[in-house]
Number of protein chains: 2
Amino acid sequence: MAVSLVEIRTQHDQVFTENCPTRTVLDHVMSKWGILVLLALSEGTARWGQLRRAVDGISEKMLASTLRTLEADGLVVRTAYPEVPPRVEYALTARGDELMQRVLPLMGWIADNADEIVAR
Amino acid sequence: MAVSLVEIRTQHDQVFTENCPTRTVLDHVMSKWGILVLLALSEGTARWGQLRRAVDGISEKMLASTLRTLEADGLVVRTAYPEVPPRVEYALTARGDELMQRVLPLMGWIADNADEIVAR
DNA sequence: CAGAATCCCGAATGATACTG
DNA sequence: CAGTATCATTCGGGATTCTG
């Protein structure tokens, strides 16, 4: 796995420039809510209401639009069950799970170091 | 190292809630420009002009404010040399470097998968 | 060269109310 | 329960100009 920017560049000539697909993915995944929704889903399948409570502070509007973006990116799957009352479940796709394997160590580090960083 | 949200929670009771320091760090590091500036610096020390060119599309205003935020967070050091014309160098701190060790695998994965994700 | 200061617009976000 | 619709608002961020 590439562990330096130089290595990444050896395999991609146009990385992280404007209009590069990587910028789009960055915007979706690293967005304020995107990463928190993905984080919540990293624990497993969750329903709309669960996500709303798990992602502290998110509005219904932002949860909806974030989920739609992540679903369009193929990182999240939405499953609606034809029941009354309605039940809808969200889960990571295989690709989403792969992504979160890279994100979780980062989130762990942030959780460990946030106090010191913000304190200064 | 923590590799799941459950593990992270065992060590931190208030993780990723609103008003939690982690949210602040997330906003700084995962911001549109923050991560790209950090990425550019992961290759080593760089001057203002180099950063401006390395981070494609960034305005002077955003470069300045991003650098100030990252410096205040202790992730970047600024060194000004008392010369004419002025020379200023930016570099990752030890903490910044530690952070980027977690970020780079993620960026590599994004570079590898961005095309497929956006194509859909 | 390396910024700081100002002005300003539009997209992103939030709050609220409503619906299948 | 799981959303959508609408409106009000903020503020990220670009363009421009100026300075040590």
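Computed from heavy atoms alone, side chains included, the values below leave out hydrogens, waters and symmetry copies. A, B, ... follow the sequence lines: proteins, then strands. Residue 1 opens every chain.
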| query | Out of curiosity, does V77(A) fall in the hydrophobic cluster containing V25(A) (side-chain heavy atoms, cut-off under 4.5 Å, transitive links)? | reply | no
[N], OP1 or OP2 - any side-chain N/O from [X] closer than 4.0 Å?
| X | N | value |
| --- | --- | --- |
| R78(A) | dG3(D) | yes |
| Y90(B) | dG3(C) | yes |
| R68(B) | dA4(C) | yes |

| task | Examine distances only and state if a side-chain atom of R23(B) and a backbone atom of F16(B) form a donor-acceptor pair shorter than 3.5 Å. | result | yes
Counting the atoms with a prime plus P, OP1 and OP2 as sugar-phosphate, which does [X] contact under 4.0 Å by heavy atoms, base, sugar-phosphate, or nothing?
| X | answer |
| --- | --- |
| K61(A) | base |
| R47(B) | sugar-phosphate |
| Y81(B) | nothing |

Compare the minimum distances between each of [options] and the side chain of [X], then state the nucleotide with the smallest one.
| X | options | value |
| --- | --- | --- |
| W33(B) | dC1(D), dA2(D), dG13(D) | dG13(D) |
| P86(B) | dG14(D), dC1(C), dA4(C) | dC1(C) |
| M62(A) | dG3(C), dG14(C), dG14(D) | dG14(C) |

| said: Quick test of your reading of the model: are R78(B) and E89(B) salt-bridged, counting only N-O distances below 4.0 Å? | reply: no
| Where each residue is assigned the nucleotide of DNA chain D containing its nearest heavy atom, which of E18(A) and W48(A) is assigned the position nearer the 5′ end? | W48(A)
| query | What is the distance from atom CG of L75(B) to atom CG of L92(B), rounded to the nearest 0.5 Å? | reply | 8.0 Å
